[in-house]
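I have placed the structure first, in the form of structure tokens, so that the comments after it can refer back to it.
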Amino acid sequence: MTQRTRNWLLLAPAGTWFLVMLIIPLTVVLIFSFGERAPAGGVVPAFTLEQYANLPARWAAFKNTMTLAPIGTLSALVIAYPLAYFLAVKVDPKWRTILLVLVIVPFWTSILIRSYAWIFLLGGRGIPALLGWFGIEGVRLINTPFAVLVGIIYGYLPLMVFPIYVSLDKLDKKLLEASSDLGAKPWRTFLQITLPLSIPGIATGCMLVFILLMGEYLIPAMLGGGKVFFVGNALVDLFLQSRNWAYGSAVAVTLVVVMLVTVTIYMRLINRLGANRDDVSIM
Amino acid sequence: MEIRGYIGDASPVNNMVIAELRGVSKRFGDVLAASDLNLSIAEGEFLSFLGPSGCGKTTALRILAGFEVPTEGEVLLDGEVVNDLDAHHRPVNMVFQQYALFPHMTVAQNIGYGLRQRRPRLPKAQIAEKVSKALDVVQLSGFDDRKVWEMSGGQQQRVALARAIINEPKLLLLDEPMAALDRKLRKEMQIELQNLQRQLGITFVLVTHDQEEALSMSDRICVMKDGRIVQIGSPQELYDQPNSRYVAGFVGTSNFFDGKVTEQSGALISVLLSNGLSMQGKPVGKVETDQEVCISVRPEQINLSRNTDGLSVIVQNRIFLGEHTEYLVRHETLGEFLVLSPRQSEPDNGPFKAGDTLFASWEASAALVLDNT
Ligand SMILES: Nc1ncnc2c1ncn2[C@@H]1O[C@H](COP(=O)(O)OP(=O)(O)OP(=O)(O)O)[C@@H](O)[C@H]1O
Ligand SMILES: [Mg+2]
């Protein structure tokens, strides 16, 4: 067997999977998006831009997704970074594994169940009732963008923590000592050494969370109560409820395009930031 | 190099004391990594910590740098106790074993790092000028914009050195800086480092487990064992008057014969060796009658000849070393020992060969009676 054949064999399973599960469905969706709605639901093949012309009707879903996804990503980053830093740099190594497991534990139960817990917490008898006790009346949390944001941060935190943790863990602690030795105060060491060297982790974490958030529908459905909905919710609605496949396909194609464009710009930025550094090129 | 006289104890003579350890101990859990270290470091001297792996050399250095707080005792810099002074406030810089260069910075950025931390800020032009001067000193001019990971091991080491000396520290601490270099490069760097120290007048504290390195570079050597300082002195002192078998064995090579003190007569001591022979030697320090001791004879102090005076030995092995020849010889009761013969002392009819029967002798004063630890 030549090296070449062997490489092809190694790639075959993933390649087949990729083709069947991604390329073909995407092509189908792309074709559908130029079609027309069949009277009984489904698609009549055609070539019309009608569905795309109709996109502004779903503007709210796009707006919500395009604001809450980046805000959620950044909020998760702001919360995850100190946690990852603590786990990788500060914690006594003998506690590290236990604490890392604790970060994943929530993943062991379904997001559905955990979201129900949040419905209760944010609902009338949860936190608002508690605030009422202290004389702060009339706070409404559930079915607001805030509730969705809370759910997002909660659900995606581990996904942000781990890549950052890995890059901070990889960081040679001698570099921090060297920086201190050369006269840098702790926060200057952080800004000049720790932060720049953890950019690969930050970049990976943000990318993961952002991409997944763009397609999120469960959290807005449960905590947004139909008031705060994402493109994902629009898709569920169009494909499963109104059975308007053609229009749904157009929305889906648009989402994919928006995602590709954003991610491309993002990667350009990151690569420029970490230009000439080999460890960022994993992106 | 200017020759400084040091007495063989913890205090250097003549020069200002710049750093001091007073009864310093450091404990990590159950491990006593440093135990009751007492040491004064003189301004401008080149001091080495020498000892085997795990003896606490790095710990001693890290205590001076401020990375470890001593469990007991005091660390003084310029006469002030600095136990609680953080590393970033100490006028001390370190060259790390694996260099610890910042991978996301260029060579010039690495070297200028210390200067950029100064408050009030130094003007950019001044930093640039000093960086280029430092690059010059370590012979890396023109490498300013290189990435550090593009540099060879030897070059990285120079960058690490430049990054430290640019700050003109009171103490420059070097933790086995040559360990990662190949033999030839190491020799070159040793000479360069010595030149640099002379040129800059900075006090160097070097950690090494390589006795040759310590002997060739240092003004004083501090021999360590199990977290303790065993002996401090100039290379000559340690070589000629080791205070224990450990030091004699660690600094240079020596032949050891175990025995017990039988009689002290004037300057010399009689020792009954465990194999039954009786031997005379010169004591280093105090010994008591009946004390377990060992006699140490340096290979180059032993004279080999075909004349029939001395111990009868048979040559086992011969290694030609250029100026010298090393013989491994065997005596019936003493066993094997090493002899180093200078070339000119060898007989005209060619060198001794394996299998030759010869006679070995040495001056009684060259046989040192040492504490057997
Ligand atoms: N942070 C630490 N935690 C626990 N034990 C430590 C720590 N640092 C050092 N030790 C222990 O202290 C002892 C001395 O270590 P140190 O690093 O000073 O030795 P060393 O002489 O520099 O050895 P080497 O030549 O191998 O570098 C060793 O037994 C080591 O295991
Ligand atoms: Mg060490």
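Predicted model, so just to flag it, every value in this text is computed and none were measured.
Surrounding NZ of A/K173 are more than 12 heavy atoms belonging to other residues, nucleotides or ligands, all under 6.0 Å away. At most 12 non-hydrogen atoms from other residues, nucleotides or ligands lie less than 6.0 angstrom from CZ of A/R268. No more than 12 heavy atoms of other residues, nucleotides or ligands shown are found within 6.0 angstrom of NE2 on B/H209. A 6.0 Å sphere centred on CZ of A/F107 holds more than 12 heavy atoms belonging to other residues, nucleotides or ligands. Annotation for B/E72: atom CD does not count as buried by contact number, only 12 or fewer foreign heavy atoms lying within 6.0 Å. Surrounding OH of A/Y217 are at most 12 heavy atoms belonging to other residues, nucleotides or ligands under 6.0 Å away. Within 6.0 Å of atom CZ in B/F28, more than 12 heavy atoms from other residues, nucleotides or ligands are found, so the atom counts as buried in its surroundings.
Counting only residues at least two apart or in different chains, salt bridge (charged side-chain N to carboxylate O under 4.0 Å, His left out) contacts with residues 76-90 of chain B comprise B/D78-B/K170. Annotation: salt bridge (charged side-chain N to carboxylate O under 4.0 Å, His left out) contacts involving residues 149-162 of chain B, sequence neighbours excluded, comprise B/R158-B/E192. Sequence neighbours left out, not one pair with a member in residues 181-193 of chain A passes salt bridge (charged side-chain N to carboxylate O under 4.0 Å, His left out).
Here the closest non-hydrogen pair linking A/A184 and B/Q117 is CB-OE1, 3.6 Å.
With rounding to the nearest 0.5 Å, the separation of CG in A/L182 from CZ in B/R116 is 10.0 Å. Taking OG of A/S180 as the start and NE2 of B/H89 as the end, the distance is 9.0 Å to the nearest 0.5 Å.
For residues 76-99 of chain A, an interface with chain B (any heavy-atom pair closer than 4.5 Å) does not exist.
When side chains are defined from C-beta on, B/F102 does not count as touching A/P196, because their heavy atoms never get closer than 4.5 Å. Contact check for B/R62 versus A/E177: side-chain heavy atoms found under the 4.5 Å cut-off. In this structure, the side chains of B/Y113 and A/I193 come closer than 4.5 Å at one or more pairs of heavy atoms.
Looking at B/L101, only its backbone comes within 4.5 Å of chain A, counting heavy atoms on both sides. Only the side chain of B/N167 comes within less than 4.5 Å of a heavy atom in chain A; its backbone stays farther off. Contacts between B/R119 and chain A at a heavy-atom distance below 4.5 Å involve the side chain alone, from C-beta outward.
Using modelled atom types, one side-chain atom of B/H104 and one backbone atom of A/Q192 make a donor-acceptor pair closer than 3.5 Å.
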